[in-house]
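Beneath this line is the structure, given in structure tokens, with notes to follow.
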Amino acid sequence: MNQSSNSEITKRIAVVGGGLTGLSAAHRLLELAEENKQSIEITVFESQSEAGGWIGTIDQKDYLIDSGADMFITNKPAALNLCTRLGLEDQLISTNQQNRGALILKDGQPVPVPLGFELMTPSRIGPMLKTPLLSLWGKLRMGWEYFIPRRQSKLGLDWDDESLADFVTRRFGQEALTRLVQPLVAGIYTSDPKKLSLRATLPRFLDMERDHRSLIKAIRKQKKEAKSADATGARYGLFAAFRTGMQTLIRTLAERVSDQGTILYGQRIKQIDPSADSGYEVTSEAGNAVQKQHFDAVIVATAAPQAAKMTASFAPEMAGLLGQIEYASTAILVNIFKLSDIKHPLNAFGLVIPAAEQRKIFAVAFASRKFPGRAPEGCVQLRTFVGGAMQPELLEQSDEDLMVMVQNELSDLLGVTGDPLFSKLLRHNQSMPQYHLGHLQMVEQIEQLAEKYPALELAGNAYRGVGIPDCIQSAEQAAERLFNSLGT
């Protein structure tokens with residue numbers, strides 16, 4: 001732990017939450033203190049018995065199971081930059097070259113996503129004409145997007161938002177939404193497309209329409225520019241993971257923070273109150289023991305509902321807005337099967353399932369097809385996703401009933417005939433914030449209200465991005481604002 005020198009006063013900083021966001025914030029604060037030769041004392045409060053939140057890895061020697069996210073996107077630099085600073089670059093691996101691509105269910109049969117189709121925009125004509133995912137009318141309607149004028153902005157600002165469903169239907173048609181875009185986006189955001197804010201989640205598509213009128217025109221131009229440009233910075237491809245699972249990042253961060261600060265496990269924060277002089281009184285609870293400590297500054301890196309409860313006593317308006325951010329729950333059933341017990345060749349990275357198919361799962365990731373070391377030789381690791389914003393009622397079942405339900409679905413869809421060699425059900429209750437229409441306006445209001453409270457920062461996936469790089473960027477920006485505000 002850093003000690004004060006001479007007459008220098010050590011600033012005490014509390015970080016509430018020991019997940020990826022909280023650990024990244026604490027680590028960045030320690031980096032800044034070292035760079036500026038300043039003295040700070042960091043205490044991280046984590047309610048669970050270990051760090052990581054929803055991110056973790058179960059190591060079974062023959063295979064690795066990531067309990068939450070199993071990879072991160074590389075076109076947002078925050079995660080790669082952090083890995084470089086932590087010396088973890090040599091631990092990163094890219095997705096396997098073989099079996100790249102995804103499947104979408106159509107009339108009960110897995111069908112490959114057309115080559116060149118990027119989340120909602122086709123960049124190649126041939127594969128779109130040949131795909132059985134769309135009818136002839138659906139294909140013609142998608143192609144007509146090239147001629148559709150851009151929507152006139154109602155506000156003339158970036159806040160001019162639209163739901164995913166309205167945007168895709170307007171530009172590409174209802175069939176494209178139902179059969180292609182909805183299942184692919186649900187695999188990322190577990191959301192209802194009629195409510196999902198495009199500006200808060202996938203703003204580049206709104207920008208493509210604004211700048212180029214047609215998304216097809218924009219994507220073709222981008223492809224040409226990419227071919228003519230030097231292929232630099234693509235060492236890991238679009239996605240990267242850790243050879244030994246996502247816990248590698250959590251463990252390294254926790255070790256670095258513990259070396260120079262303190263992580264208190266099993267400590268739930270009940271309340272945060274402004275101190276009479278300056279700083280905050282943080283009340284923590286461990287079992288029956290309640291303790292109040294003074295800190296000069298606080299970073300709250302928890303889910304929005306928890307942040308609302310902690311700050312309600314002194315910031316009721318801000319807490320009220322935090323409490324309005326909705327969350328969805330999911331369950332992931334991880335199974336290890338013998339390949340000989342599965343009829344489908346599993347020649348992709350995973351399968352996503354349109355809501356229109358009326359199945360009881362919404363995605364299956366073929367984890368060991370994406371990354372090595374995830375299953376023994378001759379076996380495969382399947383991660384099956386249940387619930388989300390579209391089917392929350394399914395999660396009311398018992399663990400045993402959920403596992404039977406998933407087994408039946410896998411049998412129908414992939415031809416799984418044998419019992420799994422290993423199964424583990426992971427429930428992630430209220431884990432995914434829902435970026436509904438108006439989300440960014442609400443976040444801006446929250447940020448404006450938070451500015452009223454010196455040395456208090458909010459960070460996490462509830463605000464401006466749900467992915468691993470987003471969480472790290474949110475954490476590091478909060479740490480930098482806080483460090484600068486303290487005048488250390």
Side-chain angles (χ1 to χ4, degrees), residues 2 13 15 17-38 40 42 44 51-57 59 64 66-97 188 204 226 229-261 263 299 301 370-374 457 459-461 463-484 488:
N2 287 6
I13 303 173
V15 177
L20 175 64
T21 303
L23 292 175
S24 298
H27 176 262
R28 184 62 185 142
L29 284 167
L30 292 168
E31 280 186 322
L32 291 167
E34 185 175 354
E35 291 167 8
N36 292 275
K37 295 181 172 55
Q38 299 294 333
I40 61 173
I42 301 286
V44 178
W54 302 119
I55 297 176
T57 305
D59 188 348
L64 290 168
D66 280 307
S67 57
D70 63 348
M71 60 184 180
F72 61 87
I73 199 163
T74 60
N75 61 5
K76 295 181 178 182
L80 280 178
N81 288 346
L82 177 59
C83 289
T84 299
R85 302 195 321 266
L86 292 171
L88 293 176
E89 279 189 298
D90 61 343
Q91 297 295 311
L92 291 173
I93 56 176
S94 59
T95 52
N96 288 327
Q97 293 291 331
I188 303 171
R204 68 188 180 99
D230 292 332
T232 58
R235 177 179 169 188
Y236 305 108
L238 187 58
F239 294 99
F242 291 92
R243 186 173 290 106
T244 52
M246 290 302 302
Q247 188 66 30
T248 303
L249 178 57
I250 298 299
R251 188 183 302 115
T252 304
L253 280 170
E255 288 172 355
R256 295 288 178 90
V257 173
S258 295
D259 283 346
Q260 302 176 66
I263 303 178
I299 294 180
K370 291 191 293 184
F371 300 109
R374 270 56 180 173
E457 293 288 344
N461 68 354
Y463 308 108
R464 295 185 181 275
V466 300
I468 285 175
D470 301 310
C471 290
I472 294 169
Q473 180 172 322
S474 173
E476 294 188 343
Q477 288 177 342
E480 290 162 7
R481 288 193 302 268
L482 189 69
F483 189 84
N484 292 333
T488 50

Taking all non-hydrogen atoms of both residues, which atom of Ala69 and which atom of Ile468 are closest, and how far apart? CB-CD1, 3.8 Å
For the CD1 atom of Ile55 and the CG atom of Leu249, what is their distance to the nearest 0.5 Å? 7.0 Å
Less than 4.5 Å apart, side chain to side chain, heavy atoms only: is that true for Asp70 and Lys370? yes
Taking all heavy atoms of Ile299 and all of Ala25, pick out the closest pair and write down the distance. CD1-CB, 4.0 Å
Any chance you could lay out the side chain to side chain contact (heavy atoms under 4.5 Å, CB included) test for Phe371 and Asn96, step after step, and finish with the verdict? CA-CA 6 Å; Phe371 300 109; Asn96 288 327; 5.5 Å; no
Within-4.5 Å side-chain heavy-atom neighbours: Thr74 and Phe239: no
Side chain to side chain donor-acceptor pair (under 3.5 Å) partners for Thr252, two or more places apart: none
Of all residues at least two apart in sequence or in a different chain, which pass the salt bridge (Lys or Arg N to Asp or Glu O under 4.0 Å) check with Arg481? Glu457
When you compare the side chain of Leu86 with that of His27, does any pair of heavy atoms fall below 4.5 Å? yes
Rounded to the nearest 0.5 angstrom, the CG-CD distance for Asn36 and Glu31 is 11.5 Å
With sequence neighbours left out, what residues match Ser474 under side chain to side chain contact (heavy atoms under 4.5 Å, CB included)? Ala459
Considering only heavy atoms from C-beta outward, does the side chain of Arg28 approach that of Arg85 to under 4.5 Å? yes
Would you say the side-chain atoms of Thr21 pair up with the backbone N or O of Ala301, donor to acceptor, closer than 3.5 Å? no
Do the side chain of Ser94 and the main chain of Ala240 share a donor and acceptor less than 3.5 angstrom apart? no
Under a 4.5 Å cut-off applied to non-hydrogen side-chain atoms, are Leu92 and Phe242 in contact? yes
Where do Gln473 and Lys76 land on the side chain to side chain contact (heavy atoms under 4.5 Å, CB included) test, with the steps shown first? CA-CA 9 Å; Gln473 180 172 322; Lys76 295 181 178 182; 5.8 Å; no
Say whether, by atom type as modelled, one donor and one acceptor occur between the side chain of Ser258 and the main chain of Glu255 under 3.5 angstrom. no
Can you tell me how far apart CG (Leu82) and OG (Ser24) are? Round to the nearest 0.5 Å. 5.5 Å
Point-to-point distance, once rounded to the nearest 0.5 Å, from CG of Leu29 to CD of Glu476: 10.0 Å
Partners of Ala26 by side chain to side chain contact (heavy atoms under 4.5 Å, CB included), sequence neighbours excluded? Val15, Ile42, Val44, Val257
For Leu64, what residues pass the side chain to side chain contact (heavy atoms under 4.5 Å, CB included) criterion, not counting sequence neighbours? Thr57, Asp59, Arg374
Spacing of Arg256 atom CZ and Leu23 atom CG [to the nearest 0.5 Å]: 12.5 Å
From Thr84 atom OG1 to Glu89 atom CD, the distance as rounded to the nearest 0.5 Å: 3.5 Å
Within-4.5 Å side-chain heavy-atom neighbours: Phe72 and Leu80: yes
For a quick test of reading the model, state the closest non-hydrogen atom pair linking Asp470 to Arg464 and the distance between them. OD1-O, 4.2 Å
Are Ile40 and Leu32 close enough that some pair of their side-chain heavy atoms sits under 4.5 Å apart? no
Gln97: what forms a side chain to side chain contact (heavy atoms under 4.5 Å, CB included) with it, not counting sequence neighbours? Arg100
